[in-house]
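None of the values given here were measured: they were computed from a predicted structure. Counting convention: from 1, in listed order, for ligands and their atoms alike.
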Amino acid sequence: MTTTKQTALKELPSDLRRDRLPQHVAVIMDGNGRWATRRGLPRSVGHRQGVETLKQLLRCCDDWGIQALTAYAFSTENWTRPLEEVEFLMTLFERVLRQELDEMVREDVRIRFVGRLTDLPKNLQSMIENAMSATRHNQGIQFTIAKNYGGRQELVQACQAIAQKVQQGDLNTADIDEAVVAEHLYTAGTCDPDLLIRTSGEMRLSNFLLWQTAYAELYIADTLWPDFDRAEFHRALFSYQQRDRRFGGLKR
Ligand code: IPE
Ligand code: IPE
Ligand code: MG
């Protein structure tokens, strides 16, 4: 690829408006298994290819000026898959973190993990802690990875934490409002996603960010995750920019 073409790719496509970009994009990366099966390959190849797609999307968000990207990597329900696949996914994750951390530190990415991390393998937990602390002071794009994440589980743990504060006399029941709930979610401190993309044509949330997506714009792509490239993302952003976000009010 020539340098000119590379530079052109980095620029926001001319039919997209910078002032109407989503601040925060969330993705349900679905379809890795089908992508591989259609090629007669083991599902693991699809997962590996899916990591490449995620790396490209992170770079694209950074190039085009999107401030936050959240990716659903493993749900609380994904433990029900065959042990071999679960173990492959955990190991793949460790490998990717090991290989990519230095570059993400250099590129000023702030990494965050959301989910019930204490149930993950111990090595992975310490790598996750290391990645978060190594990038804590970075000022660039916020990259959140949802790992062992379930929206309902997140709400349950928030209820428990809030109830405990009430029990200890640190919080009055009457003072529990939406802001208090949001502060007790794993995503505390991050703005809600403006755009939620799901690949592989499935039209469901699969327990992802149930609270935070209350007013997200939804975009379903038929493309399987490993094929979700810059052109596909461009289409999703273009669609987003055509929407009229009313938030329950009247047309702007
Ligand atoms: C998404 O791809 C990745 C994870 C859930 C870990 P899938 O593994 O769900 O792929 P399909 O949906 O079976 O094709
Ligand atoms: C959602 O995909 C979870 C992730 C992408 C990590 P799934 O493939 O697990 O969702 P379902 O089973 O189709 O709802
Ligand atoms: Mg799937």
Side-chain angles (χ1 to χ4, degrees), residues 24-58 61 68-97 99-100 111-121 124-125 127-128 131 143-157 185-187 190 193 195-213 216-229 232-233 236:
H24 182 178
V25 174
V27 280
I28 301 178
M29 313 184 284
D30 198 16
N32 291 350
R34 276 164 283 172
W35 183 90
T37 307
R38 280 179 199 173
R39 286 166 172 73
L41 298 167
R43 293 174 56 85
S44 55
V45 179
H47 294 312
R48 237 185 270 131
Q49 198 56 42
V51 172
E52 294 308 311
T53 301
L54 181 58
K55 276 161 51 183
Q56 295 305 322
L57 181 64
L58 176 64
C61 285
L69 173 68
T70 296
Y72 202 7
F74 192 89
S75 75
T76 46
E77 288 72 34
N78 287 147
W79 296 104
T80 60
R81 293 189 180 198
L83 184 62
E84 196 193 345
E85 179 160 344
V86 170
E87 282 181 349
F88 177 84
L89 286 167
M90 296 297 160
T91 316
L92 176 68
F93 215 73
E94 285 182 22
R95 194 164 357 114
V96 171
L97 260 186
Q99 284 167 358
E100 303 297 327
I111 308 173
R112 184 176 192 183
F113 288 82
V114 293
R116 196 178 162 90
L117 305 178
T118 48
D119 286 348
L120 294 172
L124 186 53
Q125 282 186 49
M127 291 177 81
I128 284 175
F143 180 36
T144 304
I145 299 149
K147 184 81 185 171
N148 192 24
Y149 175 89
R152 288 184 170 180
Q153 190 277 325
E154 179 183 43
L155 285 163
V156 168
Q157 69 75 38
L185 299 176
Y186 297 129
T187 52
T190 312
L195 171 63
L196 172 65
I197 299 172
R198 182 165 186 153
T199 55
S200 87
E202 308 290 2
M203 303 213 190
R204 53 178 171 262
L205 290 175
S206 300
N207 207 7
F208 191 43
L209 301 178
L210 298 180
W211 171 280
Q212 298 86 338
T213 53
E217 293 297 326
L218 308 181
Y219 181 86
I220 311 287
D222 285 331
T223 315
L224 302 174
W225 176 251
D227 290 329
F228 191 83
D229 58 11
E232 292 277 350
F233 187 47

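Taking atom 1 (C) of ligand 1 as the reference point, the nearest protein heavy-atom neighbour is Met29 O, 2.9 Å. Of the protein's non-hydrogen atoms, Ala73 O, 3.5 Å is the one closest to atom 6 (C) of ligand 1. Of the protein's heavy atoms, Asn32 N, 3.2 Å lies nearest to atom 2 (O) of ligand 1. At the top of the distance list for atom 14 (O) of ligand 2, counting protein heavy atoms only, stands Ser206 OG, 2.6 Å. The protein heavy-atom contact nearest to atom 10 (O) of ligand 1 is Gly33 N, 2.9 Å. Nearest protein neighbour of atom 12 (O) of ligand 2, counting heavy atoms only, is Arg204 NH2, 4.6 Å.
Residues Asn32 and Arg43 are not in side-chain contact: their nearest non-hydrogen atoms beyond the backbone lie 4.5 Å or more apart. Side-chain contact between Lys147 and Leu124 is present, with at least one heavy-atom pair separated by less than 4.5 Å. Residues Asn78 and Asn148 form no side-chain contact, since every pair of their non-hydrogen atoms from C-beta on lies 4.5 Å or further apart.
Looking at Arg81, Lys147, His47 and measuring to atom 9 (O) of ligand 1, the nearest heavy atom belongs to Arg81. Considering each of Arg34, Arg43, Glu77, the one bringing a non-hydrogen atom nearest atom 13 (O) of ligand 1 is Arg43.
Proximity of Asn78 to ligand 1, defined as any heavy-atom pair under 4.0 Å, is confined to the side chain (atoms from C-beta onward). Only the backbone of Phe74 comes within 4.0 Å of ligand 2, counting heavy atoms alone; no side-chain atom from C-beta on gets that close. In Glu202, neither the side chain nor the backbone holds a heavy atom less than 4.0 Å from any atom of ligand 2.
Formation of a donor-acceptor pair under 3.5 Å by the Glu100 side chain with backbone atoms of Leu97 is not found in this model.
In summary, Asp30 places an N/O/S atom under 2.8 Å from the Mg ion (ligand 3), meeting the contact criterion.
More than 12 heavy atoms of other residues, nucleotides or ligands sit less than 6.0 Å from atom CD of Glu52. Surrounding CZ of Arg34 are more than 12 heavy atoms belonging to other residues, nucleotides or ligands, all under 6.0 Å away.
Residue Arg198 places a heavy atom under 4.0 Å from ligand 2. Heavy atoms of Gly31 come nearer than 4.0 angstrom to ligand 1 in at least one pair.
Shown here for Asn207 and Leu210, the closest heavy-atom pair between the two residues is OD1-CD1, 3.5 Å. Of all non-hydrogen atoms in Val27 and Phe208, the two that sit nearest each other are O-CE2, 3.9 Å.
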Could you walk me through whether Tyr72 and Tyr149 pass the side chain to side chain contact (heavy atoms under 4.5 Å, CB included) test, one step at a time? CA-CA 8 Å; Tyr72 202 7; Tyr149 175 89; 3.8 Å; yes
